[in-house]
Amino acid sequence: MSLAALRRAIGLRQLQPLLLRAAASGLAQCMLSPCAIGGSVGGGGLPAAASSHLWRYDSPLLRHLNTAAAEPAADGPALPPYEQVKQRAAAAADLQPLLELRGAERTQFDALIRKFQHSGAVKDQALALYVNSKLYRQAIPEFKDFLVAAMDRELWRGLRQLQAGESSQQALFPYFAQFVLERYTPEIKAYRDMVNTVDLRNPHQWFPVARALQRRIIYHAGPTNSGKTYNALQAMRAAKSGVYCGPLRLLAMEVYDTCNAEGLYCNLITGQERREVPGAEHTACTVEMVGMQKRVDVAVIDEIQMIGDEGRGWAWTRALMGVPANEVHICGDSSAVPLVRKICEDMGEQLEVNSYDRFTTLEVESSGLVGGYSAVQPGDCIVAFSRRDIYAIKQLIEQETSHRACVVYGALPPETRRQQARLFNEQDNAYRVMVASDAVGMGLNLNIRRVIFHSVTKHEGGNKRVPVSISMLKQIAGRAGRRSSQWSEGLATCLNAGDVPRLQEAIDVPLDQLATPTAGLFPEFEHFEVFAGQRPDDAYSSLLEAFEREAMLDSSYFFCKQDSVVAAAQLLGELGLSIKDMFSFCMAPASASDLRIGAALLNFATKYSKGLPVTLDISVPNRVPSSTDELRHMEAAHQVSMLWLWLSYRFDADAFPNRDKVEAQAEFICDLLDKGLKRLTRLSKNGVDIAEKAARPEHQNVMSCFSEELALLEERRQQQRTDERRQQTHEQRQQRAEERRQRVLDSGIVFASPAATSAAAAGASPASISAAEAAEEAGQAELRRPGHKARSLTRKKEPTLQHAQQCDARQRRRILKKLQQNRQTERQLEERAKGRQAVPVVLKHEAVSQQQVSSGSSTSGWGRLSSAFQ
Ligand SMILES: Nc1ncnc2c1ncn2[C@@H]1O[C@H](COP(=O)(O)OP(=O)(O)OP(=O)(O)O)[C@@H](O)[C@H]1O
């Protein structure tokens, strides 16, 4: 069979040389290499095809090995059959090997095995047999011993003729394969099982209900404000049953409200609420909540480009693959079209693309905001990326102009954001301006004429500022001049004219150039459960990390970021919760890095683990917030209520009792926030600094029920910071040592003393090198570690010119003689070094001439060394 025919027959794009013999015997399927399979294999993954064959011990490969002599590779020698070798090895356990290799023969044999061991191709093939790198390292020496024990004239003749190269690998690998399969059966099986549980390739197969339907998929592709969602929703409304999957609670609420207002009964399902309308066949939900069982006529998946979101992308991937609808309408910009097309091909479903153009024009004002915030006009929306900036800008505008400013940002409940949007959209009030975060980019229909970017960079952890992404700039600027607004065109600009070119560049980039290359994936609970079963001793957070490390993904997918899940797992690790309960607690949409939210999560999980009813004991003051700080406390109280509600839908009502009460409390908080925002406007109009005022005690104490957990977390964080600082200092020290080491290497300095040489090689400071040398001279055996202070050592004084000058004639003669001897040695070394084109040599003891002694002019060798450190 020709090579090309073989490739065709077994569906390989490339056939590795090592496989050739097996392939020729029809055995290639047993030995597929991971890299021969299309698609990327993360974390040392394996081809699925390999798994089904390797475990049958009567597999063709092994039968072949057992019965026939291994065929020589190309012009290589023949080796005896494996069974025969094995019998010899077994016999040698009682007696002696028939042949003991010595001298050159032994060296040749060792070289052969060494080459085999380090061959990348052999490691690949071993991996295809589920021999992971750890096991491989363990198995190779044993395999070597096995061959040594089985050695006889015949085997050695075969082995000797092998070159320590590819042909030897081809000939030896089948022996190795048989050897490990027999000797390490349980280890290999365990690894195979583990690998299979982290096999996340072909995720569309996780959704059998959707796979049973032949779905029609329609992609509504276009820029912002082009009518994509409108058209998709029209299709859903016209259908007998339907589901809308939105990126935000706010959008789901919007669809729920408009459908019901039009007389189309519609349910609402988000992580935190279930509103079921009797007789409703339509549902508006957040994308994470879409069901995979109930079949509907039309499903709408909004903002599909978020499939590439590093944290939440998995929810869009899941919805796209799994929603059981006859027709799936997906809306989004065109950046995700190629990716969605590829996924549809994998699912065997047809994709239609409907393209849209923007309804209104969007222009960039090149001058920036001339006159600053006192020049804002009705219909302006200022976009800033921090809460503090938002309130500072609001205050400035309210004090310097006649306008009032609404605010929208992520920490505000959706209800409050909608309320602020209503105020801004209505014409019969003074709220003519909006100040918002990037949360304005999605979900709200706003009456915006012009978007003004306060800046085009934003904070990302600590003090680091990063540029706002092009797609975000596009999305936010696109809110201006919406079709349903009173403005017939949209404008966008920046506070500083210097930022405008970046904005212009973002607007000019065509959407299809911003391709979304890969789709997010996150395992279902069942994956974790099986995986965890195989590693019963692992902590949950390590399990998550190990899963991510080992997961095998197709090249069209990435593993979604799970930082917050891991942080929550670390937080709750000691509570002894079951895997199922841990999964639910850790997946809660709460950032455990926010101490107050983390404290609440810990409080709920602790009560739950003790079998106590999980109650929400916050004490909400009956007083409207009157400063930004008081608002902040209320926002946190709302987030904690949402966390509680989210959990309450995942655990029994007995465990999380009185949901109605918590819902009512959350509504009350929203009401306080609405009123608080209005009060803030009044106060800032009256010249009060709303950001300066400290919160009143009743607002400060709203979450005092979590104070114990909060104190614990603060302590932990403090400890963590100290550890991080220590680690940083340690790393900096190591880096400095490395730099010093490098400088000494670059300078070419050679030390006369071995102690100094080792200290310099370890990156010690000049003082430590000197000390190490002095210690050696002083007969101290112990070498100094880098970084130790030289002064703690007894240093033997070096003979120097200064010494010589101060000594009596006899001593001076002795010192000068020593110095001259050194000089001679230095010359010899220099000459030798020149001959080898070596770098200059410096000896510790400076060699000097009589003249120099009398003039006292000499540069110490250490001077040259020190200059190397500068
Ligand atoms: N055929 C139409 N008749 C009336 N109004 C429409 C029509 N198409 C769209 N609109 C209105 O235009 C506005 C923008 O439409 P839509 O929200 O569908 O755009 P989009 O392309 O999905 O934009 P984005 O991605 O920014 O949300 C909405 O207020 C919508 O109600």
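Whatever order the structure lists them in is the order used to number ligands and atoms, beginning at 1.
- If you check the side chains of Glu398 and Thr681, you find a donor sitting under 3.5 Å from an acceptor.
- For ligand 1, the 4.0 Å heavy-atom shell contains residues Pro223, Thr224, Asn225, Ser226, Gly227, Lys228, Thr229, Tyr230, Glu303, Phe359, Asn445, Arg479, Arg482, Arg483, Ser484.
- Listed by first and then second residue, the salt bridge (charged side-chain N to carboxylate O under 4.0 Å, His left out) pairs involving residues 271-280 are Arg249-Glu273, Glu273-Arg275 (not counting sequence neighbours).
- Each of Lys474, Arg479, Lys458 was compared with Asp438 under the salt bridge (Lys or Arg N to Asp or Glu O under 4.0 Å) criterion, and only Lys458 meets it.
- For residues 291-312, no pair satisfies ring-ring contact (aromatic ring centres under 6.0 Å, His included), with sequence neighbours left out.
- Identified under the ring-ring contact (aromatic ring centres under 6.0 Å, His included) test for residues 326-370, with sequence neighbours left out: His220-His329, His220-Tyr356.
- One N or O on the side chain of Trp487 and one on the backbone of Asn447 form a donor-acceptor pair closer than 3.5 Å.
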